[in-house]
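Letters go in sequence order (proteins before strands), and every chain restarts at 1. Here the structure is a predicted model, which means the values were calculated and not measured.
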2 protein chains.
Amino acid sequence: MLYYCEKVVKSMRLTVYTDYSLRTLIYLGAKNEDELTTIQEISDAYNISKNHLMKVTHQLGQLGYIETIRGRGGGIRLAKLPKAITIGEVVRQTEEDFHLVECFDPASNMCKIAPACQLKGVLAEALQAYLAVLDRYTVEDFLGNRDLLMQLLQ
Amino acid sequence: MLYYCEKVVKSMRLTVYTDYSLRTLIYLGAKNEDELTTIQEISDAYNISKNHLMKVTHQLGQLGYIETIRGRGGGIRLAKLPKAITIGEVVRQTEEDFHLVECFDPASNMCKIAPACQLKGVLAEALQAYLAVLDRYTVEDFLGNRDLLMQLLQ
DNA sequence: GTTAAAGATGTATATTATATATTGCTTTTA
DNA sequence: TAAAAGCAATATATAATATACATCTTTAAC
């Protein structure tokens with residue numbers, strides 16, 4: 001592990017935002033179809049911030065992954081079958097800005113060798129390989145041990 | 001692009017630290033073998049912080065990629081042939097903590113479903129695919145247009 | 001042997017990104 | 001009409017990252 005200024009450098013991470021998005025989809029996938037779940041219930045189950053989760057579910061709704069029903073007795077549920085929700089697609093949409101290094105964004109690039117540098121292309125190729133793996137899985141693939149999942153979430 | 005609290009979420013990025021490490025290796029690779037280069041020269045060429053670059057070169061020295069010669073008339077140069085320096089290896093060493101999500105680190109994991117969740121394995125698989133691509137390239141692969149590179153760095 | 005150039009090292013600060021909290025909405029149904 | 005639920009914007013806190021600063025040590029030229 002690289003220690004830098006006595007602090008640990010952590011990189012290539014997904015945001016907690018994406019993490020929560022995936023967790024929410026798994027939670028809803030483990031529930032019976034059509035059954036409504038409140039944001040409160042999910043935040044209690046995972047013991048995470050309800051306010052933050054609210055932003056996450058709102059976006060999942062906008063993206064069409066879940067259906068959100070407002071008002072008393074409302075809640076959320078999957079808007080698609082678990083097998084129709086690809087992990088790669090979710091990750092691409094919840095964190096779309098994959099600017100691995102400075103030169104990925106022409107607007108902010110300051111690196112002089114950018115016109116001649118082939119590093120960008122190689123990193124882009126690596127990123128595609130990463131996402132290609134995630135494209136091979138759907139939410140359904142994570143529901144194999146559904147009973148254990150629900151038990152852990154009590 | 002996901003706007004979150006009116007700020008852009010940027011993820012999966014390499015640190016500037018790794019970026020500078022790769023740029024330094026490319027710079028040194030483009031130079032004639034044995035020729036010494038000062039940190040000042042590289043920081044001038046790329047127009048980046050000399051102090052930061054100093055930490056970068058120090059670590060590259062520790063890892064055996066470059067030779068650092070202190071004192072007047074000193075400088076740095078590659079300690080290996082460009083074709084012997086694999087990009088994947090450099091990236092792994094300059095940012096070793098690939099904790100893509102919380103549960104990658106058992107010490108800090110708080111997610112209840114971790115024992116049953118298969119997401120971790122899938123993300124790890126995707127990360128391997130990413131690094132595997134970088135393992136296919138060496139510094140030499142980036143020196144094809146060496147003349148243009150050196151010209152851009154004037 | 002002194003001086004200047006060069007890297008080494010530790011610490012402090014600034015900046016940015018990210019996560020969470022707060023507040024006050026709107027919608028809906030009991 | 002009140003309470004439950006999601007919506008939305010903003011503010012704050014935390015953490016990670018980048019950079020700056022200060023003081024070393026090493027080495028070669030003079």
Side-chain angles (χ1 to χ4, degrees), chain A residues 1-21 23-24 36-44 46-62 66-77 94-95 97 99 101-102 105 108 110, chain B residues 1-21 23-24 36-44 46-62 66-77 94-95 97 99 101-102 105 108 110:
Chain A
M1 193 175 305
L2 165 66
Y3 281 86
Y4 169 58
C5 290
E6 310 215 336
K7 282 174 197 157
V8 181
V9 174
K10 297 175 178 180
S11 264
M12 287 293 297
R13 286 174 315 160
L14 294 175
T15 55
V16 170
Y17 195 99
T18 294
D19 187 9
Y20 288 1
S21 295
R23 288 199 215 180
T24 299
L36 283 174
T37 303
T38 65
I39 293 175
Q40 185 72 60
E41 178 183 331
I42 300 178
S43 75
D44 286 347
Y46 285 115
N47 197 29
I48 58 182
S49 157
K50 183 190 165 193
N51 296 291
H52 201 196
L53 199 54
M54 214 159 231
K55 293 188 208 302
V56 170
T57 54
H58 180 233
Q59 199 206 14
L60 288 175
Q62 299 274 310
I66 66 174
E67 192 184 350
T68 61
I69 293 146
R70 293 173 72 156
R72 189 167 184 160
I76 58 179
R77 66 184 158 210
T94 53
E95 38 195 309
D97 172 9
H99 289 166
V101 288
E102 181 185 305
D105 180 16
S108 68
M110 297 290 288
Chain B
M1 193 175 306
L2 165 66
Y3 282 85
Y4 170 58
C5 290
E6 308 216 336
K7 283 174 198 157
V8 181
V9 174
K10 297 174 179 181
S11 265
M12 288 293 298
R13 286 174 315 161
L14 294 174
T15 55
V16 170
Y17 195 100
T18 294
D19 187 11
Y20 288 1
S21 295
R23 288 199 215 181
T24 299
L36 282 174
T37 304
T38 66
I39 293 175
Q40 185 73 60
E41 178 183 330
I42 300 178
S43 75
D44 285 348
Y46 285 116
N47 197 29
I48 58 182
S49 158
K50 183 190 166 194
N51 297 290
H52 202 198
L53 198 54
M54 213 158 233
K55 292 188 206 302
V56 169
T57 54
H58 180 233
Q59 200 206 12
L60 288 175
Q62 298 276 309
I66 66 175
E67 194 184 350
T68 61
I69 293 146
R70 293 173 71 155
R72 187 164 186 160
I76 58 178
R77 66 183 157 211
T94 53
E95 39 195 310
D97 173 8
H99 288 166
V101 288
E102 182 185 304
D105 180 16
S108 67
M110 297 290 288

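Side-chain atoms of Q59(A) never come within 3.5 Å of backbone atoms of T94(A) as a donor-acceptor pair (strictly under, hydrogens ignored). Judged purely by atom type and a 3.5 angstrom limit, Y20(B) has no side-chain atom pairing as donor or acceptor with the backbone of V56(B).
Distances shown here put a side-chain N or O of H58(A) below 4.0 Å from the OP1 or OP2 atom of dA8(D). Residue S49(A) has a polar side-chain atom (N or O) positioned under 4.0 Å from OP1 or OP2 of dA21(C). The side chain of T68(B) places an N or O atom within less than 4.0 Å of a non-bridging phosphate oxygen (OP1 or OP2) of dA8(C).
With dA21(C), dT9(C), dG6(D) as the choices, the nucleotide that has an atom nearest any side-chain atom of Q62(B) turns out to be dT9(C). If you check dT27(D), dC7(D), dC21(D) against the side chain of R72(B), the one that comes closest is dT27(D). When distances run from any side-chain atom of I39(B) to the nucleotides dA19(C), dG6(D), dG7(C), the shortest one goes to dG7(C). Listed nucleotides: dA8(D), dG7(C), dA19(C). Nearest to the side chain of T15(A): dA19(C).
Base contact: G71(B) has a heavy atom under 4.0 Å from a base atom. Within 4.0 Å (heavy atoms only), G75(B) reaches sugar-phosphate atoms of the nucleic acid but no base atom.
In this structure, M54(B) places its CE atom 14 Å from P of dA5(C), rounding to the nearest Å. Distance OH (Y20(A)) to P (dA19(C)): 8 Å, rounded to an integer number of Å. Spacing between atom CG of D105(B) and atom C1' of dA15(D) amounts to 15 Å, rounded to whole angstrom units. Whole-Å rounding puts the K55(B) NZ to dC21(D) P distance at 13 Å. dA19(C) atom C1' lies 18 Å from atom OH of Y46(A), rounded to whole Å. Here the C1' atom of nucleotide dT9(C) and the NE2 atom of H52(B) are 14 Å apart, to the nearest Å. Taking atom CD1 of residue I66(B) and atom C1' of nucleotide dG7(C), one finds them 10 Å apart after rounding to whole Å. Between L36(B) atom CG and dA28(D) atom P there is a gap of 11 Å when expressed in whole angstrom units.
Toward the 5' end of DNA chain C, the nearer of the two residues I69(B) and N51(A), judged by each one's closest nucleotide, is I69(B). Residue-to-nucleotide proximity on DNA chain C shows that, of R70(A) and K50(A), the 5′-proximal contact is made by K50(A). Between V16(B) and T38(A), the residue anchored closer to the 5' end of DNA chain D is T38(A), taking for each the nucleotide with the nearest heavy atom.
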task = Would you check, one step at a time, whether the test side chain to side chain contact (heavy atoms under 4.5 Å, CB included) holds for R23(B) with I42(B)?
result = CA-CA 9 Å; R23(B) 288 199 215 181; I42(B) 300 178; over 6 Å; no
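Looking at L60(B) and I76(B), their side chains never come closer than 4.5 Å, going by heavy atoms from C-beta outward.
No hydrogens or angles considered: nothing links the side chains of T24(B) and S21(B) as a donor-acceptor pair under 3.5 Å.
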